[in-house]
Protein chains: 2
Amino acid sequence: MPKYQPALDAVFHALADPTRRAVIERLGRGPRAVSQLAEPFAMAMPSFLQHLRVLEKAGLIRSRKTGRVRTITLAPRQLKKAEGWLHTQRDLWEQRLDQLDFLLITFKEQS
Amino acid sequence: MPKYQPALDAVFHALADPTRRAVIERLGRGPRAVSQLAEPFAMAMPSFLQHLRVLEKAGLIRSRKTGRVRTITLAPRQLKKAEGWLHTQRDLWEQRLDQLDFLLITFKEQS
DNA sequence: CTGATACTTAGGCATTTGCCTAAGTATATC
DNA sequence: GATATACTTAGGCAAATGCCTAAGTATCAG
């Protein structure tokens, strides 16, 4: 049993929103200013900033302010952690299915 | 730009809770009855059932009632979908880093 | 048929979320 | 110095979340 990782709470919560996932997708192509990121969304700036705060708290993005512009960068470590958890679960599941297959084959050969 | 997948909202939301992740982890070893699943958690049954409802709505588990016992099974398809999304994001990120490396090397060679 | 078991439904309540408007503050630009 | 730009803070509000207790219903066991 993997121990409880509070970080995953924040990461998965952050990814549960379409706006926030879209931000992550855009940041894959490289850093962007806040207003640039916000542009495609029909949303007031303060609402959008809240999404960025959620992403930053989850450790999925970093931000640095230069002059009056804040630039946002993707921070992939937590993304990998989430991917790792999912991968582990799939592994477990598939291992179990293989065991079932083995049992079924053994069973067949007996008949 | 991948199109908006509402299913991911539900899946990531479901995974954002430690109780629900623990349920998924346990189900990796095979189907379980509701009361069996609920046993490790210091939580009233109705509260636990709500978590199961969230997982089922997200398509992460299936449940079937036989007699008075409801048996819960892991349904890995949505889990894979989430893993796929994360994998795509990582790919994008790494591709971009490779391009940056290339640029840096080209730059060095010029000097 | 009487209990015990395994959920299930109904309702309540504090907190969190996701959005908003209005009014700041801190750079640039003219 | 006046105006525009790029956030930022403060506050408000409806809906969703995560927990609870109390009171069902539907098997199963004796």
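Values below: all heavy atoms of this structure, side chains included; hydrogens, waters and symmetry mates excluded. Just so it is clear: chains get the letters A, B, ... in the order the sequence lines come, proteins before strands, and each one is counted from 1.
In this structure, CZ of A:R53 is placed 16 Å from P of C:dT16, rounded to the nearest angstrom. One can place CD of A:E39 at 13 Å from P of D:dC7, the figure rounded to the nearest angstrom. A straight line from CE of B:M43 to P of D:dC20 spans 6 Å, rounded to a whole angstrom. Atom pair B:M45:CE and D:dA22:C1' shows a separation of 15 Å (rounding to whole Å applied). A straight line from CG of A:L37 to C1' of D:dA6 spans 13 Å, rounded to a whole angstrom. When the C1' atom of C:dT8 is taken as reference, atom CD1 of B:I72 falls 13 Å away, rounded to whole Å. As rounded to whole Å, 15 Å separates atom P of C:dT16 from atom CZ of A:R20. Regarding A:K65, its NZ atom lies at a distance of 7 Å from the P atom of D:dC7, rounded to whole Å.
Considering CZ of B:F12 and NZ of B:K81, their distance stands at 11.0 Å, rounded to 0.5 Å. The CZ atom of B:R20 lies 10.5 Å from the CD1 atom of B:I61; values are rounded to the nearest 0.5 Å.
Using a 4.0 Å heavy-atom criterion, one finds that B:S47 contacts the bases of the nucleic acid, with or without backbone contacts as well.
Minimum atom distance to the side chain of A:L49 is reached by D:dT9, of the listed C:dC7, C:dA4, D:dT9. Relative to the side chain of B:Q50, the nucleotides D:dC7, D:dC19, C:dC19 differ in distance, and D:dC19 lies closest.
In this structure, B:R96 is positioned above the aromatic face of B:W93, its NZ or CZ under 6.0 Å from the six-membered ring centre and within 45° of the axis.
Contact between the side-chain N/O atoms of B:H13 and the OP1/OP2 oxygens of D:dA16 is not found at any separation under 4.0 Å. Within the structure, a side-chain polar atom (N or O) of B:S35 is placed less than 4.0 Å from OP1 or OP2 of C:dC7. Regarding contacts with the backbone of D:dT17, every side-chain N or O of B:H51 stays at 4.0 angstrom or more from both OP1 and OP2.
Judged by closest nucleotide on DNA chain D, A:R68 is the one of A:R68 and A:P46 placed further toward the 5' end. Residue-to-nucleotide proximity on DNA chain C shows that, of A:G67 and A:D17, the 5′-proximal contact is made by A:D17. Residue whose closest nucleotide on DNA chain D sits further toward the 5' end, between A:A33 and B:A42: A:A33.
For the side chain to side chain contact (heavy atoms under 4.5 Å, CB included) test with A:S63, the passing option among A:V34, A:T73, A:I72 is A:I72; the others fail.
A:L74 and A:V69 sit in two unconnected hydrophobic clusters of ILVMFWY residues. Membership requires side-chain heavy atoms under 4.5 Å apart, directly or through other members.
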